[in-house]
Amino acid sequence: MTPVAQSPGVGGGTSLLGTVEPVRRADAGTPPTLRWSRFLAATEAEGPGVRAAVWLQGCAVHCPECFNPQLWADRGGLVGAADVLAAEWVESATAAGAEGVTLLGGEPFDQAAAAASVARAFRAAGLGVMTFTGYPLDRLAAWAAGGRDDIAALLDATDLLCDGPYLRGLPDVGRPWVGSRNQGIRALTDRYADDVRRIATAGGADRIEVRIARDGTVAVNGWATDAALAALLDDLGSRADSPAQVAAGRQARTRVEAAR
């Protein structure tokens with residue numbers, strides 16, 4: 001697979017993170033279910049422009065000092081039919097004025113068939129799709145060529161891909177969205193090619209968003225170093241998406257069945 005435009009990663013070639021093929025989900029050949037943690041109808045910190053974002057639950061890559069380690073476990077979160085969820089999210093995103101959706105997590109390619117179902121629904125509505133993954137693109141392309149139709153489907157439904165594991169020893173402060181220099185930013189279609197060309201030429205800055213609910217809970221998205229995030233949240237309280245907060249709130253979720 002040859003990107004239309006890219007800001008390729010540099011370094012990290014000896015890392016084994018993201019080099020093991022993800023396990024195919026048992027429901028990949030049926031209307032798939034999606035295990036997810038969070039949905040935002042509109043954000044400006046998770047890719048180009050205003051876009052929706054879906055955080056998937058579960059990741060087998062396990063990058064040290066990951067920004068969302070609470071999303072590693074393949075249990076917990078919420079579970080629902082991918083096509084039903086996608087229809088709801090497309091409606092919410094469109095109403096919020098979003099230009100597209102970003103799939104992140106967690107690891108979208110660990111649930112490739114379900115994530116592809118969501119991506120296709122947004123594409124069908126005329127919206128763009130950005131996908132974050134800890135797996136390098138060359139590995140994903142090889143697995144897809146080797147018969148992983150679920151991985152191929154998600155790649156085919158993705159316009160903009162940020163790929164590769166986060167490596168804490170290679171911090172990237174010159175480009176948006178990614179955390180380390182080995183990670184690539186790749187336009188797989190023309191939709192975001194100009195954005196990627198600008199980043200490849202001039203770089204860009206990260207953004208972070210903090211939402212404080214009426215009950216005082218704090219939710220964070222975007223990218224920041226641990227030190228910057230700690231300083232920012234010092235007087236704001238606990239993150240709403242921390243493991244303790246997620247566990248405490250799980251009992252109150254009624255709209256979608258929580259995993260047992």
Side-chain angles (χ1 to χ4, degrees), residues 1 3-7 31-57 68 71 77-78 80-133 137 140 144 149-163 176-178 184-199 204 206-209 211 219 221-223 255-256:
M1 173 174 289
V4 175
Q6 61 182 327
S7 172
T33 57
L34 185 76
R35 190 178 297 273
W36 61 286
S37 176
R38 186 183 179 200
F39 168 75
L40 285 178
T43 173
E44 296 183 52
E46 302 296 352
V50 177
R51 54 200 312 104
V54 181
W55 283 262
L56 278 64
Q57 179 73 42
N68 289 315
L71 301 181
L78 304 171
D83 55 350
V84 174
L85 290 167
E88 296 176 1
W89 291 338
V90 167
E91 182 178 359
S92 296
T94 301
E99 184 278 333
V101 66
T102 297
L103 304 176
L104 64 169
E107 173 52 60
F109 281 92
D110 285 357
Q111 303 183 63
S117 180
V118 174
R120 286 193 297 265
F122 276 86
R123 276 274 196 86
L127 304 179
V129 176
M130 180 180 186
T131 303
F132 281 87
T133 178
L137 176 57
L140 293 171
D149 56 338
D150 55 337
I151 292 176
L154 182 51
L155 285 173
D156 287 344
T158 295
D159 297 295
L160 178 60
L161 185 75
C162 288
D163 70 297
W177 312 326
V178 295
I185 303 173
R186 311 183 199 271
L188 302 185
T189 70
D190 289 329
R191 186 172 187 121
Y192 300 111
D194 287 343
D195 296 278
V196 174
R197 292 186 186 106
R198 281 193 294 270
I199 290 168
D206 283 317
R207 290 188 177 189
I208 191 165
E209 293 176 349
R211 290 173 168 82
N221 66 285
W223 172 260
R255 188 168 64 88
V256 182

Considering non-hydrogen atoms only, spot the tightest contact between [X] and [Y] and give its length.
X      : Y      : value
Tyr192 : Pro48  : CD2-CG, 3.7 Å
Phe122 : Ala93  : CE2-CB, 3.8 Å
Val129 : Ala119 : CG2-O, 3.5 Å
Ala52  : Ala98  : N-CB, 3.6 Å
Gly126 : Arg191 : O-NH2, 3.2 Å
Ala114 : Ala82  : O-CB, 3.7 Å

Original post:
Are Leu127 and Val101 side-chain neighbours, meaning at least one heavy-atom pair lies under 4.5 Å?
Top reply: no

Subject >> Audit row: Thr158, Leu103, side-chain contact (heavy atoms from CB on, under 4.5 Å) steps and yes/no >> reply: CA-CA 9 Å; Thr158 295; Leu103 304 176; 5.9 Å; no

Distance check, rounded to the nearest 0.5 Å: [X] atom [atom1] versus [Y] atom [atom2]?
X      : Y      : atom1 : atom2 : result
Phe132 : Glu107 : CZ    : CD    : 11.5 Å
Asp156 : Thr189 : CG    : OG1   : 11.0 Å
Arg38  : Asn68  : CZ    : CG    : 8.5 Å
Leu161 : Leu137 : CG    : CG    : 6.0 Å
Phe39  : Leu56  : CZ    : CG    : 12.5 Å
Met130 : Leu104 : CE    : CG    : 8.5 Å

**OP:** Please say whether more than 12 non-hydrogen atoms of neighbouring residues, nucleotides or ligands are located less than 6.0 Å from CD in Glu209.
**Re:** yes

Subject >> For Asn221, the option from Glu44, Arg207, Arg211 that meets side chain to side chain donor-acceptor pair (under 3.5 Å) >> reply: Arg211

**OP:** Please name all residues satisfying side-chain contact (heavy atoms from CB on, under 4.5 Å) with Val4, sequence neighbours left out, ordered by chain then number.
**Re:** Asp190, Ala193, Arg197

Subject >> By side-chain contact (heavy atoms from CB on, under 4.5 Å) - contacts of Ala144 (at least two apart) >> reply: Ile151, Ala152, Leu155

Original post:
Which one of Ile185, Asp206, Ile199, Asp163 satisfies the side chain to side chain contact (heavy atoms under 4.5 Å, CB included) criterion with Val178?
Top reply: Ile185

**OP:** Hey, could you give me each pair passing salt bridge (charged side-chain N to carboxylate O under 4.0 Å, His left out) that has a residue in residues 118-130? Not counting sequence neighbours.
**Re:** Arg123-Asp159

**OP:** Check the pair Val196 / Leu160 against side-chain contact (heavy atoms from CB on, under 4.5 Å), numbers first and verdict last.
**Re:** CA-CA 9 Å; Val196 174; Leu160 178 60; 3.5 Å; yes

Subject >> Gln57-Arg35 side chain donor-acceptor pair, cut-off 3.5 Å >> reply: no

